[in-house]
Amino acid sequence: MAKQEKTFRPKARVPKGLRDVAAPNVRAEARMIARIREVYERYGFDPLETSALEYADALGKFLPDEDRPNEGVFSFQDDDEQWLALRYDLTAPLARYVAEHYDGLPKPFRRYQTGPVWRNEKPGPGRFRQFTQFDADTVGAPSVAADAEMCMMGADCLEALGLQRGQYRLRVNNRKVLDGLLEEIGLGTDAEDRTHMTVLRSIDKFDKLGRRGVELLLGAGRKDESGDFTKGAGLAPEQISRVLDYVESGLNEASADRGAVLEGWRNVVGNSAIGREGIDELAEMDALFTAAGYGPDRIEFNSWIVRGLGYYTGPVFEADLLFDVKDEDGNLVRFGSVGSGGRYDGLIERFKGVKVPATGFSVGVSRLQAALEALGRVEKDVVAPPVVVLTLDASNMAGYQGMVGELRNAGIRAEMYLGGSGMRAQMKYADRRGAPVAVIEGEDERARGIVTLKDLILGSEVSREITDNAEWRQSAAAQIEVERSKLVEGVCEILARHGLHSGHHGR
RNA sequence: GCAGGCGUAGCUCAGAUGGUUAGAGCGCUAGAUUGUGGAUCUAGAGGUCCCCCGUUCGAUCCGGGGCGCCUGUACCA
């Protein structure tokens, strides 16, 4: 069978893990970003924008995990054969920026930045290969006061976005505490050590897998639902129980008393110098939280917060939502954290050779928006749909343009129909756009010096009671005629009837 | 990445043992009903039956490989 020749047609599809964002969500995200910006500005941070592309070596690799070296970053070669990469977060570009302009910057340097970042990895529900982050960082501040401020600011952001106290929590831990724990159970202090990393990652899963799951991961390993096996850390039973003791030590107190949590941790890791240092730092942060009025209902100390193993060196924190979210099929959706951060004292050192202490917090804008949407916290689109001026007479486009101009000058969102179809299609268009008013001027109206204004909102209510077509069409429901010169007043009146904003009329 | 499941129209899905022209509902585009959204009727557009290779006279269907989607897991800078 001879194959028919066919013209090549590219398949219209968005690449995996990427997505198109429609008007209501674009606007919702813009509002969200504006609110976060207000909070960051209030804390004294200044904006900075860096480019989406960086030299790949400037981004560096923060995956000591040899399972997947070099993955996660979109990169390509420039004309000069140097490797460029899309930024995968906003912190690495900040480190590059600070290193590049170090001498000219005030220290501490405090900046915020938002924008899309890209990660070349497997997408999942609420997890995309491009998403928006909103970062704030303080560079050159060694004190944990800077970290404490990040946590409080994170809480402020979530509340500014409409989350109630109790619907979220900032969970704070300190890498030094975890290092102390590992030292205490005899694992040494080599952060690159494989067992070391496996143990930390196991602890991180307490929230998801519970005590039993973590126990398996610390020991021989765990089999998941699909039957796939995850190799464990291979700790001895004695070591496992000490880790679990630590993880559970603050559990009951967590929502009640930060000081009690720290005391519990002291019993577990108190013999290690690094562990003690970590706990002391957290005690200092606790004092600042308390002085500023941030109780444990907003910020808690949490034993299983670990965060990524790449570069955090001190306090780490994460903003978690405490309510369940279900998808369309009624399945529970795990959103993960909607914000995170921590201290990364080694990052700028990569460029400068000198240690520059830094800490930061990042809101996961895309993910948080998805969560707020699920919670019904996203306000309806605040931009009113436009009034549509029908173009019934192709020889009178100038006249229609004039009407649209008058409406726009009066501050009313308006457009004329620009398609090529007939009146019925034009009405359908206006309907689909959600237009509150259709302005109709055919030959009849023009001859009489009037325009017909159709109240589409009222019309839609009326239509529900009419089943007969002739009646429906002849009723000319919800239409009024006004003199051509009274177009703007007439439209304003209908808008006002529905409580719609009609621009700056009266001016 | 690993494990399992699944790929037929924009969406939800039928379908034949391997046989000519692959269907439905919804949606979409138009027409009819005086120049009007809904309703009704009519017509039209839209498919490489995920892709490649193999077996076969013949593959959307069988076999192998790949890609994509879903779930779990891993990772999450």
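Order of the sequence lines sets the chain letters (A, B, ...), proteins ahead of strands, with each chain counted from 1.
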Chemist: For rC76(B) versus rA14(B), give the span between their C1' atoms, rounded off to a whole number of Å.
Modeler: 42 Å
Chemist: Considering residues at least two apart in sequence or located in another chain, which fulfil the ring-ring contact (aromatic ring centres under 6.0 Å, His included) criterion with Tyr40(A)?
Modeler: Phe134(A)
Chemist: Roughly how many Å is it from CG in Leu18(A) to P in rG68(B), rounded to a whole number?
Modeler: 13 Å
Chemist: For the side chain of Ser202(A) and the backbone of Thr198(A), is there at least one donor-acceptor N/O pair under 3.5 Å apart?
Modeler: yes
Chemist: State plainly whether the residues Glu121(A) and Arg129(A) are in salt-bridge range, i.e. N to O under 4.0 Å.
Modeler: no
Chemist: What's the closest nucleotide to the Lys208(A) side chain, out of rA74(B), rA77(B), rG38(B)?
Modeler: rA74(B)
Chemist: Quick one: Leu200(A) CG to rC75(B) P, roughly how many Å, whole number?
Modeler: 11 Å
Chemist: Rounded to the Å, how far apart are Trp304(A) CH2 and rC76(B) P?
Modeler: 18 Å
Chemist: Using the P atoms only, state how far rC51(B) lies from rA22(B), rounded to an integer number of Å.
Modeler: 16 Å
Chemist: Tell me, which pairs form a side-chain hydrogen bond (donor to acceptor under 3.5 Å, both in side chains) where one or both residues lie in residues 482-494 of chain A, sequence neighbours left out?
Modeler: Glu406(A)-Arg484(A)
Chemist: So, do Leu200(A) and Leu182(A) sit near enough that their side-chain heavy atoms are less than 4.5 Å apart?
Modeler: yes
Chemist: Between the side-chain atoms of Lys122(A) and the base atoms of rG68(B), is any donor-acceptor pair under 3.5 Å?
Modeler: no
Chemist: Can you say whether a donor on the side chain of Gln479(A) sits under 3.5 Å from an acceptor on the base of rU36(B), or the other way round?
Modeler: yes
Chemist: Please determine, for the side chain of Lys16(A), which listed nucleotide (rG68(B), rA77(B), rC2(B)) has the closest atom?
Modeler: rG68(B)
Chemist: Can you tabulate the close N/O pairs, meaning under 3.5 Å, that link protein atoms to atoms of nucleotides 4-11 of chain B?
Modeler:
none

Chemist: Tabulate protein N/O versus nucleotide N/O from nucleotides 26-29 of chain B, keeping only pairs under 3.5 Å, one per line.
Modeler:
{"from": "rC28(B)", "atom 1": "OP1", "to": "Arg432(A)", "atom 2": "NH2", "distance (Å)": "2.5"}

Chemist: If you measure from the P atom in rG47(B) to the same atom in rA24(B), how many Å do you get, rounded?
Modeler: 15 Å
Chemist: Quote, to the nearest angstrom, the C1' distance that separates rU21(B) from rU34(B).
Modeler: 42 Å
Chemist: If we take the C1' atom in both rC75(B) and rG63(B), what is their distance in whole Å?
Modeler: 35 Å
Chemist: With a 3.5 Å cut-off and sequence neighbours excluded, list the donor-acceptor pairs that the side chains of residues 209-218 of chain A form with protein atoms.
Modeler:
{"from": "Arg211(A)", "atom 1": "NH1", "to": "Glu248(A)", "atom 2": "OE1", "distance (Å)": "2.5"}
{"from": "Arg211(A)", "atom 1": "NH1", "to": "Glu248(A)", "atom 2": "OE2", "distance (Å)": "3.4"}

Chemist: What is the distance, rounded to the nearest whole Å, between atom CD of Glu318(A) and atom C1' of rC76(B)?
Modeler: 10 Å
Chemist: Which one, rA74(B), rC76(B), rG35(B), comes nearest to the side chain of Arg201(A)?
Modeler: rC76(B)
Chemist: Starting from C1' on rC76(B), measure out to CD on Glu121(A) and report it in whole angstrom.
Modeler: 6 Å
Chemist: Table please: side-chain donor-acceptor pairs of residues 339-347 of chain A below 3.5 Å, with sequence neighbours left out.
Modeler:
{"from": "Ser340(A)", "atom 1": "OG", "to": "Arg307(A)", "atom 2": "NH2", "distance (Å)": "3.2"}
{"from": "Arg343(A)", "atom 1": "NE", "to": "Asp147(A)", "atom 2": "OD1", "distance (Å)": "3.4"}
{"from": "Arg343(A)", "atom 1": "NE", "to": "Asp147(A)", "atom 2": "OD2", "distance (Å)": "2.8"}
{"from": "Arg343(A)", "atom 1": "NH1", "to": "Ala141(A)", "atom 2": "O", "distance (Å)": "3.1"}
{"from": "Arg343(A)", "atom 1": "NH1", "to": "Asp345(A)", "atom 2": "OD1", "distance (Å)": "3.0"}
{"from": "Arg343(A)", "atom 1": "NH2", "to": "Ala141(A)", "atom 2": "O", "distance (Å)": "2.9"}
{"from": "Arg343(A)", "atom 1": "NH2", "to": "Ser143(A)", "atom 2": "O", "distance (Å)": "3.1"}
{"from": "Arg343(A)", "atom 1": "NH2", "to": "Asp147(A)", "atom 2": "OD2", "distance (Å)": "2.9"}
{"from": "Tyr344(A)", "atom 1": "OH", "to": "Asp137(A)", "atom 2": "OD2", "distance (Å)": "2.6"}
{"from": "Asp345(A)", "atom 1": "OD1", "to": "Ala358(A)", "atom 2": "N", "distance (Å)": "3.1"}

Chemist: Dot-bracket for RNA chain B: what is it, with Watson-Crick or G-U pairs under 3.5 Å, [ ] where a pair crosses earlier ones, and | for a pair to another strand?
Modeler: (((((((..((((.....[...)))).(((((.......))))).....(((((..]....))))))))))))....
Chemist: Please figure out whether Pro15(A) or Ile457(A) has its closest RNA chain B nucleotide nearer the 5' end.
Modeler: Ile457(A)
Chemist: Restricting to ring-ring contact (aromatic ring centres under 6.0 Å, His included), what partner residues turn up for Tyr417(A), sequence neighbours left out?
Modeler: Tyr429(A)
Chemist: Between rC11(B) and rC52(B), how far apart are the two C1' atoms, rounded to whole Å?
Modeler: 28 Å
Chemist: Among the candidates rU40(B), rG35(B), rA77(B), find the nucleotide nearest to the side-chain atoms of Arg424(A).
Modeler: rU40(B)
Chemist: Quick one: on RNA chain B, does Met427(A) or Gly17(A) contact a more 5' nucleotide (nearest heavy atom)?
Modeler: Met427(A)
Chemist: Which residues pass the salt bridge (charged side-chain N to carboxylate O under 4.0 Å, His left out) test with Arg433(A), sequence neighbours left out?
Modeler: Glu415(A)
Chemist: Closest to the Leu456(A) side chain: rG37(B), rU36(B), rA74(B)?
Modeler: rG37(B)
Chemist: So, for Pro116(A) and Gln130(A), which heavy atoms are closest and what is the spacing to 0.1 Å?
Modeler: CB-NE2, 3.6 Å
Chemist: In whole angstrom, give me the gap between the P atoms of rA77(B) and rG15(B).
Modeler: 47 Å
Chemist: I'd like to check the ring-ring contact (aromatic ring centres under 6.0 Å, His included) partners of Trp118(A); sequence neighbours left out, ordered by chain and number.
Modeler: none
Chemist: For the side chain of Arg127(A), starting at C-beta, report the closest nucleotide among rA77(B), rC76(B), rG35(B).
Modeler: rC76(B)
Chemist: Would you mind listing every salt bridge (Lys or Arg N to Asp or Glu O under 4.0 Å) that reaches into residues 385-402 of chain A, with sequence neighbours excluded?
Modeler: Asp393(A)-Arg446(A)
Chemist: Show me, pair by pair, the donor-acceptor contacts under 3.5 angstrom made by side chains of residues 90-98 of chain A, not counting sequence neighbours?
Modeler:
{"from": "Thr91(A)", "atom 1": "OG1", "to": "Asp135(A)", "atom 2": "OD2", "distance (Å)": "3.2"}
{"from": "Arg96(A)", "atom 1": "NE", "to": "Glu100(A)", "atom 2": "OE1", "distance (Å)": "3.1"}
{"from": "Arg96(A)", "atom 1": "NH1", "to": "Glu54(A)", "atom 2": "OE1", "distance (Å)": "3.1"}
{"from": "Arg96(A)", "atom 1": "NH1", "to": "Glu54(A)", "atom 2": "OE2", "distance (Å)": "2.5"}
{"from": "Arg96(A)", "atom 1": "NH2", "to": "Glu100(A)", "atom 2": "OE1", "distance (Å)": "3.4"}

Chemist: Salt-bridged, Arg169(A) to Glu300(A), with N to O below 4.0 Å?
Modeler: yes
Chemist: Choose from rC76(B), rU73(B), rA77(B) the nucleotide whose nearest atom is closest to any side-chain atom of Asp224(A).
Modeler: rU73(B)
Chemist: Find the distance Leu458(A):CG to rU36(B):C1' and express it as a whole number of Å.
Modeler: 15 Å
Chemist: Which part of the nucleic acid, if any, lies within reach of Ile440(A) when heavy atoms closer than 4.0 Å are counted: base, sugar-phosphate only, or nothing?
Modeler: base
Chemist: What distance, rounded to whole Å, do you find between the two C1' atoms, one in rU60(B) and one in rC50(B)?
Modeler: 11 Å
Chemist: Nearest of rA30(B), rA77(B), rG35(B) to any side-chain atom of Ala425(A)?
Modeler: rA30(B)
Chemist: As a test of reading the structure: which of rC76(B), rC2(B), rU36(B) is closest to the side chain of Lys454(A), going by heavy atoms?
Modeler: rU36(B)
Chemist: Could you state the atom-to-atom distance from CG of Asp204(A) to P of rU73(B) in whole Å?
Modeler: 13 Å
Chemist: Counting side-chain heavy atoms from CB outward, which of rG37(B), rA77(B), rG35(B) is closest to Asp444(A)?
Modeler: rG35(B)
